[in-house]
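Heavy atoms only: backbone and side chains are in, while hydrogens, waters and symmetry mates are out. All residue numbers in this chain count up from 1 along the given sequence.
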Amino acid sequence: MPLDTASTTPPQNKPSVCPLDCPDTCSLSVLTDGKHVLQVRGSDANPYTAGAICKKVSDYYPDFIHGERRLTRPLLRTGPKGSLEYTPISWDEALDRIYNGLNAAIEKYGPESVLPLNYAGPHGQLAGGSMDFRFFHKLGASQLDRGPLCGAVRGTAYTSLFGNAPGMEPEQAVKSDLIVVASNNVTVSNLHLARIIKAARKNGAKLIVIDPKKIKIAEQADLYIQIKPGTDIVLFLALAAELEKRSALDTDFINHWVYGIEAYLEAAKEYSLDDAARICEIPMEQIQEFLHIYTAAKNVSMSVGNGAERGHSGGSSIRAAMALQVITGNMGRAGAGVIAKQGLAFPATTSKLRRPDLVPKGTRMLNIVDVAKHILDDRLAPPIKAVFIYNHNPVCTHPDQNRMRRALSREDIFIVGCDVEMNDSMAYADVVLPASSHFEFPDIYAAYGQAHLQRAEPVIPTVGYSLPNTEIFRRLAARFGFSDDLFKADDYQLMDEAYDPTAPQMKGLRPSEVPLDRSLPMLAKNDQELIMCKTVFPATKTGKIELYSEHLEQQFGYGLPRYEEVPQDLPFALISPIIQQTDKRNFWRTQRFNIHRAT
């Protein structure tokens, strides 16, 4: 239905969930008059997020849903790519144009000439990756390796040690007497961990922060180490070697739970504390103070963020940081462990939801970081001739903006854009589809920084002629003649295919039955906390924590973490800054979004 701005319904609060690409996945309370989102606040449905949300969400959403840049009907580009000149069209015409555009590429170059370009726009399981994956898998489009854009290095570092077993829940850090934060801008990227740290410090816990930038959480630290970017691994290897020298390793834990200790410690001995001070450009006094605080603590928790993975030796740095917790036996009890990968606690049935079995054998896989290069490469066989951008703003988020703009500006590439509002990348699309926001359809939400499953129902009707992602791809599947029942599944069927209802964590509930007013904690057996080597166990080939990774050795030649110095002939290193949402909104207010009204 067209957008109706009038409403006479008294405002009421409805439960919802934040879909943004953030580890915390907050529960929300949305004030609505039945047609509009009036106000967004945090709720207590998720005990971890406990009513606190970031300013971006509270200030941003009403304008995002109802502002002037909201997409409310399909659009056809009428000017040059990037001109923001469009005319409204019907859904039938939009689907026809998409069918013709994709088919033109497929008939001339084959289905791999079509590329879905999506990432982590909404984090709901349905909007984020369900019917869309089924559609592109059935179509035979090129596959996209999305992890390298963010998180894959850190994730691989973690699983190389522990396998697909969940790490320590952040709530347990209140039981720690030392918390180490490395490469994690907690107050910006891990908001609710900051509250946990504050509570732990009230209980007497100490805080160590290691980061090249003096982030806000460092102001609270008992010890802040401003390390040279890209050298973290040297510090952690030197610390491991020194702890062995001081007989400060937990040999009982190592003998029972650790694989590859001899090789790891031999590699660590390559660096002394003097080497660490010199290479990392930090005072020896700070290294000695770290050792004093660390060895005096009984329960150490460590949070290692994604920051280090941006450097050349980033994966090795993260592995070495986590390994320090392992060799000192900071595992097996509440308050001791590595705060990471809580998403592995959810009983996901991703293959059932996304149906990778539909992918034709031999279909190529492209690295998301190289997409612009591939679009510009006419020698690629087959070349990319059609791109479908959704759940993603590549012009804004990819590392080489100029190359991405050149790639999307090619007039011989058919581009479909699908989003909630007009953005940098939609401006290059031939056809733009209006997606409904997460406030307008049902979805189910896991998290990657905490272990609470949440579900949400729509709090307002769909705005204008917008449609949920799932319905858009149902219609596309029908237009392409995909008549299998799996393309007709409704949103509640998709929810039930996202998680295993028989898993003990689900408490006998189907995913579509998860209550709206509270979250469902993903606990270990017999409702115990997630504690590595006590209630959850390393899911590796050896059944132990693997400091030496045979898999990484075979795949990359990195069985052990190692430092590889990057030559630097200039005095500064680039560190990604905090991006304020208001900056983005102010930029768009200066751009002309010109829709030619149909006559």
Side-chain angles (χ1 to χ4, degrees), residues 1-4 7 12-21 25-38 40 43 45 57 60-62 64-67 70-74 91 94-95 118 120-135 353-354 390-392 417-421 432-447 453-478 486-499 510-517 519:
M1 293 294 292
L3 180 63
D4 181 358
S7 177
Q12 59 178 310
N13 285 297
K14 293 186 176 181
S16 192
V17 181
C18 181
L20 297 184
D21 185 10
T25 314
C26 300
S27 59
L28 302 178
S29 178
V30 181
L31 183 67
T32 172
D33 60 6
K35 291 184 180 294
H36 309 100
V37 170
L38 304 176
V40 179
S43 84
V57 170
Y60 165 60
Y61 267 124
F64 178 69
I65 305 303
H66 304 294
R70 177 67 198 264
L71 293 166
T72 61
R73 60 188 307 170
W91 269 104
L95 295 176
N118 64 306
H123 259 244
Q125 297 302 295
L126 273 57
S130 59
M131 193 62 70
D132 52 314
F133 275 75
R134 295 181 182 191
F135 172 76
L353 179 65
R354 297 184 174 182
Y390 69 103
N391 292 353
H392 192 28
C418 178
D419 213 305
V420 176
E421 69 168 5
V432 177
L433 302 179
S436 299
S437 76
H438 72 289
F439 289 136
E440 300 158 44
F441 56 82
D443 212 329
I444 191 163
Y445 300 84
L453 186 65
Q454 301 173 89
R455 188 173 72 84
E457 288 286 337
V459 299
I460 58 171
T462 53
V463 173
Y465 292 93
S466 70
L467 292 174
N469 281 5
T470 49
E471 180 60 21
I472 289 172
F473 284 98
R474 281 189 203 99
R475 294 189 183 190
L476 280 169
L486 63 94
F487 293 106
K488 300 173 185 176
D490 66 27
D491 288 350
Y492 298 98
Q493 289 174 286
L494 291 173
M495 281 188 202
D496 289 340
E497 292 171 343
Y499 298 98
R510 293 199 308 271
S512 60
E513 297 173 336
V514 171
L516 300 175
D517 61 348
S519 63

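- With a 4.5 Å cut-off on side-chain heavy atoms, V30 and Y61 do not count as touching.
- A 4.5 Å side-chain heavy-atom check between L467 and T462 finds every atom pair outside the cut-off.
- In plain terms, the two heavy atoms of E440 and R70 that are nearest each other are OE2-NH1, 3.0 Å.
- We find the CG-OH distance between L126 and Y445 to be 9.0 Å, quoted to the nearest 0.5 Å.
- Side-chain rings of H438 and F64 stay apart, their centers remaining 6.0 Å or farther from each other.
- D496 has its side chain within reach of S512: a pair of non-hydrogen atoms, C-beta onward, lies under 4.5 Å apart.
- Between the side chains of S29 and S43, no donor-acceptor pair of N or O atoms lies under 3.5 Å.
- Side chains of I460 and I65 form a contact here, defined as non-hydrogen atoms less than 4.5 Å apart.
- Note: L71 CG to D419 CG = 7.0 Å, rounded to the nearest 0.5 Å.
- Between the CG atom in N469 and the CG atom in N391 there is a gap of 5.0 Å [rounded to 0.5 Å].
- Considering CG of L476 and CD of E471, their distance stands at 10.0 Å, rounded to 0.5 Å.
- W91 and P434 get closest at one heavy-atom pair: CZ2-CD, 3.6 Å.
- Inter-residue side-chain proximity for L516 and E457 is flagged as met; some heavy-atom pair is nearer than 4.5 Å.
- Here the OG-CZ distance, from S130 to F473, works out to 9.0 Å after rounding to the nearest 0.5 Å.
- V37 and H66 make their closest contact through N-NE2, 2.9 Å (heavy atoms, listed as atom of the first residue, atom of the second, distance).
- Atom-to-atom distance recorded for R354:CZ and L494:CG is 12.0 Å, nearest 0.5 angstrom.
- When atom types are taken as modelled, the side chain of R134 and the backbone of L486 share a donor-acceptor pair closer than 3.5 angstrom.
- Remark: D491 engages R474 in a salt bridge (Lys or Arg N to Asp or Glu O under 4.0 Å) (not counting sequence neighbours).
- Closest of all the heavy-atom pairs between I472 and A435 is CD1-CA, 4.3 Å.
- A heavy-atom distance below 4.5 Å is not found between the side chains of D443 and P19.
- A donor-acceptor contact closer than 3.5 angstrom links the side chains of D132 and Y390.
- In terms of heavy-atom proximity, K35 sits nearest to P461 at CA-CD, 4.1 Å.
- Closest heavy-atom contact between Q125 and A498: CB-CB, 4.4 Å.
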